[in-house]
Amino acid sequence: ASEGGGLLFASGLITGEALLGIGLAIPFAYYETTEVFRVLSNPSSILGIIVILGICFWLYKIAVNAFINEEK
């Protein structure tokens with residue numbers, strides 16, 4: 001069994017992404033449009049980039065902390 005927090009976190013991200021994809025497919029298929037959850041009339045990708053960078057930083061911190069704890 002793996003005791004690494006980084007591996008567990010990454011596995012959770014993959015599982016969460018898969019479940020979210022399934023959950024989003026249902027309203028998209030029902031309404032037959034991808035604009036079901038559209039909030040902004042002129043969306044920007046800057047918010048998405050900020051979120052992805054935040055998740056990458058969060059994963060990095062968890063992996064580094066797990067590595068430091070293994071060395072002790």
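This chain uses plain numbering: 1 for the first residue, then up along the sequence.
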All N/O donor-acceptor pairs, side-chain side in residues 6-16, below 3.5 Å, sequence neighbours left out:
unit_1	atom_1	unit_2	atom_2	d
S11	OG	L7	O	2.9
T15	OG1	S11	O	2.9

In a table with atom names and distances, give each donor-acceptor pair under 3.5 Å that connects a side chain of residues 53-63 to protein atoms at least two apart or in another chain.
none

Between side-chain atoms of residues 18-33 and protein atoms elsewhere (two or more places apart, or another chain), which donor-acceptor pairs fall under 3.5 Å?
unit_1	atom_1	unit_2	atom_2	d
T33	OG1	E35	N	3.2

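The other members of the hydrophobic cluster of I46, by chain and number, are I50 (side-chain heavy atoms under 4.5 Å, ILVMFWY only).
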